[in-house]
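A quick write-up on the structure given underneath.
Just so it is clear: chains get the letters A, B, ... in the order the sequence lines come, proteins before strands, and each one is counted from 1.
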Amino acid sequence: MTEKIPFKPLTRGFAACKGCTMTLVANAILSGKPDDTDVVIVIASGCFVVATAIFPRTAWTIPMTHVNFETAASVGSGILAAHKVLRRKGRLPSDIAALAAGLQRRGLVGRKFRVIVFAGDGATFDIGLGPLSGMLERGEPIIYICYDNNAYSNTGEQSSGATPFHAVTATTPGGMLRSEKAGGKDLMEFTLSHSAVVYAARTTLGRHNQPNDIKEKSAAAFAHDTGPVLLHIIAPCPRGWGFESSNAFTILDHAIETGECPLYHAEKVGRGHIRHLDYLPERYLGGVLHPEIHPITEFLGKQDRFVELLKRPDWLADYQEDIDYRWLGRHGLIEKCEPYGS
Amino acid sequence: MTKKKMWQVFEADGNTMGAAAAAHADIDVVSAFPITPCTQVPERIGDHIKRKELDAECLRMDGEDSAGAACTGSSLAGARTLDATSSQGLLFKAQNLYCWAGSRCPVVLLVATRAINAPVNIHDDFSDVMSQRDAGQLMFFAKNQQEVYDFALLGFKIAEDLRIQLPFWVCYRGFKVSHTTTINKILSPDGLKVFRPWLGVYERPQSLLDFEHPVVAGEVVLSEHYLEAKFGQHYGMRQAPAVIKEAAKYFSRRFWNVYSDTEEFMVDDAEYVAVVLGDDFGTLKVAVRQLRAQGVKAGAIRIVSYRPFPVKKLQKLLVGKKAVAVLDQALSSGAPSAPLCSDVRAALYNSVAKIPVRGIVYGLGGRNLEPEEVVQIYESLKHPKKWLGETEPCWIGVRGGSDKI
């Protein structure tokens with residue numbers, strides 16, 4: 001028999017920047033793909049396609065299509081519909097190949113199929129939010145991955161709907177003011193407002209805390225095959241965030257420890273969603289604030305984009321209060337998630 | 001043995017005829033988003049699915065842009081795909097239209113044409129389709145409900161031909177064709193037994209669902225290769241006239257007659273000819289008959305296949321004519337001629353004969369074209385000196401308008 005070749009969706013030699021976490025995210029997610037599942041990748045416009053598929057080269061070893069910026073979720077729906085109907089009609093390429101080889105029809109009986117959408121935060125939080133909502137509402141079992149680097153990085157770091165307060169971007173050179181952005185946008189809660197969603201999670205590639213979080217959530221994404229799945233993944237951009245390319249994991253560890261990037265997931269149980277915390281930062285242990293432990297400066301101080309913020313104690317306090325409120329405030333993470341460790 | 005009847009009578013409006021064609025072509029995926037006046041197309045297809053006359057997935061999309069994108073996905077995955085739209089919907093879908101052509105997705109798009117906002121108007125003109133005429137698709141203009149069906153059926157055969165692999169649009173006027181009911185022919189069960197094997201199923205050579213031979217679609221193609229990619233796409237269009245001819249010839253021989261490039265009325269001996277798209281050809285015929293009764297040698301041409309444009313045929317038909325009028329129900333503001341007229345002029349410019357061509361703009365937003373107006377247009381062709389100095393089309397039917405026919 002043939003030797004089993006380890007599954008490697010992205011080959012070496014793609015053109016991502018040094019220290020880019022986007023491709024690491026993709027490989028981490030796709031390594032959770034079960035052997036009995038075939039996938040098609042849909043990529044919204046952004047760094048990912050530019051880094052992995054410039055004709056005549058491609059880093060992909062599995063079918064991939066890049067589509068217009070806002071349409072990734074919709075294209076995913078189209079591919080899924082095509083698969084459904086062609087499987088029913090016995091016209092999938094595998095069926096045709098099996099027929100041609102004189103085998104029983106349906107050469108790939110028992111194979112599962114998933115569409116995986118990769119879209120950045122611009123394509124998800126901003127331009128593609130409507131199509132994403134449509135996909136979630138239709139209840140199609142698509143895995144939607146939002147790799148979030150907090151800005152339009154491919155076009156040169158302009159601010160997006162996911163850009164944090166006070167961050168310096170190309171369109172907010174003095175740091176984004178409160179007057180320019182009145183409040184944040186919570187992709188998880190937006191996703192969970194669609195009752196068809198079967199699984200949604202926030203995760204990232206931490207090294208010290210919960211190093212297997214992304215792998216576990218990838219496995220869970222593939223296991224939940226009855227409806228839409230969304231993973232919101234913080235993927236730092238060394239160039240845009242302004243840090244040494246070797247520091248991505250350090251930054252992510254700080255993001256997890258300070259509570260900037262909460263690790264939690266929600267599953268559909270009955271008609272509603274139940275949220276579970278996967279990591280409780282020490283700062284919020286016991287559901288109370290420990291102000292001296294892991295303040296947000298540990299995360300912010302490592303990045304050039306917060307240079308303006310770090311000059312302004314009032315902005316810093318504002319940012320810290322935001323994070324603390326996200327955890328401890330009314331309907332905050334502590335309140336809406338099941339008791340930690342339960 | 002008695003000869004089997006290939007067709008049966010079907011009383012229906014244009015949208016229903018389009019949906020019937022979708023069912024008879026055994027489509028795999030239809031992408032639905034409502035917009036007046038094409039809304040009934042996916043509705044009727046839904047009825048076909050409900051009655052189990054058609055096995056297809058009807059995607060309930062969240063917008064025209066998403067509907068267009070879903071078509072890209074399903075076509076890339078090798079499914080026979082149909083979409084329908086009008087007006088704003090076509091504009092909102094616009095970037096997907098280029099995607100279809102560039103990614104070689106033979107989607108058939110039914111367009112019940114309609115004016116564009118602002119001001120908002122649900123009635124017909126060709127502003128919508130003309131605004132997207134360069135997206136890379138084949139475009140057929142139906143003059144009646146029957147042709148919506150005929151062209152949609154032929155559309156799949158032509159678009160999916162491996163020599164072409166481009167989207168195919170069937171354009172018909174909103175309400176005037178989409179919503180009025182006539183008595184038509186559709187394929188009978190015996191007809192379908194002949195038609196379906198001829199049409200075959202869509203087998204995309206490089207399907208996204210072929211996991212044994214993974215493909216990348218829609219990748220970045222920079223200046224080293226973009227020109228070649230676009231030429232490849234354009235080469236499909238160059239092949240189109242021959243493929244259309246083959247398909248129309250077969251269909252006409254086996255079932256009933258279909259037009260494939262132009263339709264003419266009393267053109268052979270005519271001195272003055274008017275050119276138009278779609279069902280206003282009927283109005284032209286009324287005027288031609290009137291003029292012929294008065295001894296004026298008038299004739300009329302309808303462009304059926306707008307893309308590819310029947311350049312040679314038109315040159316042949318119009319050579320030796322004294323003057324030509326081109327009636328556009330669309331506008332290119334500030335340009336020397338409206339879309340159809342610029343194509344006709346361009347087609348004639350390098351031919352042997354120098355023929356005066358007058359551009360007319362009419363009926364934007366669904367204002368009816370009256371036979372009397374057409375008669376006046378023909379009359380004006382007798383005196384080219386009066387209008388040869390015009391630098392832009394003459395608007396007719398405008399209340400208080402200053403343009404003189």
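Top candidate by heavy-atom pairs under 4.5 Å with chain B, chosen from Glu70(A), His83(A), Met135(A), is Glu70(A). The choice from Gly134(A), Ser45(A), Pro63(A), Ala82(A) that makes the most heavy-atom pairs within less than 4.5 Å of chain B is Pro63(A). Contacts with chain B were tallied for Ile62(A), Asn68(A), Val40(A); Asn68(A) has the most, counting heavy-atom pairs under 4.5 Å. Counting heavy-atom pairs closer than 4.5 Å to chain A, the top-ranked of the candidates Val29(B), Asp28(B), Leu222(B) is Asp28(B). Between chain A and the residues Ala69(B), Ala77(B), Ala229(B), the most heavy-atom pairs under 4.5 angstrom are made by Ala69(B). Contacts with chain A were tallied for Gly63(B), Ser66(B), Ser31(B); Ser66(B) has the most, counting heavy-atom pairs under 4.5 Å. Between chain A and the residues Asp210(B), Val220(B), Thr72(B), Val221(B), the largest count of heavy-atom pairs under 4.5 Å involves Val220(B). Among the candidates Ser74(B), Ala79(B), Cys58(B), the residue making the largest number of heavy-atom pairs closer than 4.5 Å to chain A is Ser74(B).
Near-neighbour residues of residues 49-60 of chain A relative to chain B, defined by a heavy atom under 4.5 Å from a heavy atom of that chain, comprise Val49(A), Val50(A), Ala53(A), Ile54(A), Phe55(A), Pro56(A), Thr58(A), Trp60(A). Of residues 114-132 of chain A, those residues with a non-hydrogen atom less than 4.5 Å from any non-hydrogen atom of chain B are, in numerical order, Gly130(A), Pro131(A).
For chain A, the nearby part of Cys99(B) is the side chain; its heavy atoms alone come within less than 4.5 Å. Both the backbone and the side chain of Leu208(B) come within less than 4.5 Å of a heavy atom of chain A. Using a 4.5 Å cut-off between heavy atoms, Val215(B) contacts chain A through its backbone alone, with no side-chain atom that close. At a 4.5 Å heavy-atom cutoff, the contact between Leu209(B) and chain A is made by backbone and side-chain atoms alike. Using a 4.5 Å cut-off between heavy atoms, Ala56(B) contacts chain A through its backbone alone, with no side-chain atom that close. Only the side chain of Ser207(B) has a heavy atom closer than 4.5 Å to any heavy atom of chain A.
Between Thr71(A) and Asp65(B), the closest side-chain pair of non-hydrogen atoms falls below 4.5 Å. Side-chain contact between Arg138(A) and Met61(B): present, with at least one pair of heavy atoms (C-beta onward) separated by less than 4.5 Å.
With values rounded to the nearest 0.5 angstrom, Asp62(B) atom CG is found 5.0 Å from Ser74(A) atom OG. Rounded to the nearest 0.5 angstrom, Ile43(A) CD1 and Glu219(B) CD are separated by 11.0 Å.
More than 12 heavy atoms of other residues, nucleotides or ligands lie within 6.0 Å of NZ in Lys185(A), so this atom counts as buried by the packing criterion. Heavy atoms from other residues, nucleotides or ligands lying under 6.0 Å from CD of Gln206(B) number 12 at most. Dense packing is recorded around NE2 of His225(B), with more than 12 heavy atoms of other residues, nucleotides or ligands lying under 6.0 Å away.
The backbone N or O of Gly218(B) sits less than 3.5 Å from a side-chain atom of His66(A), completing a donor-acceptor pair.
Look at Lys89(A) and Asp55(B) and you find no salt bridge, because none of the NZ, NE, NH1 or NH2 atoms lies under 4.0 Å from a carboxylate O.
Residues Leu86(A) and Gly78(B) come closest through the heavy atom pair CD1-O, 3.7 Å.
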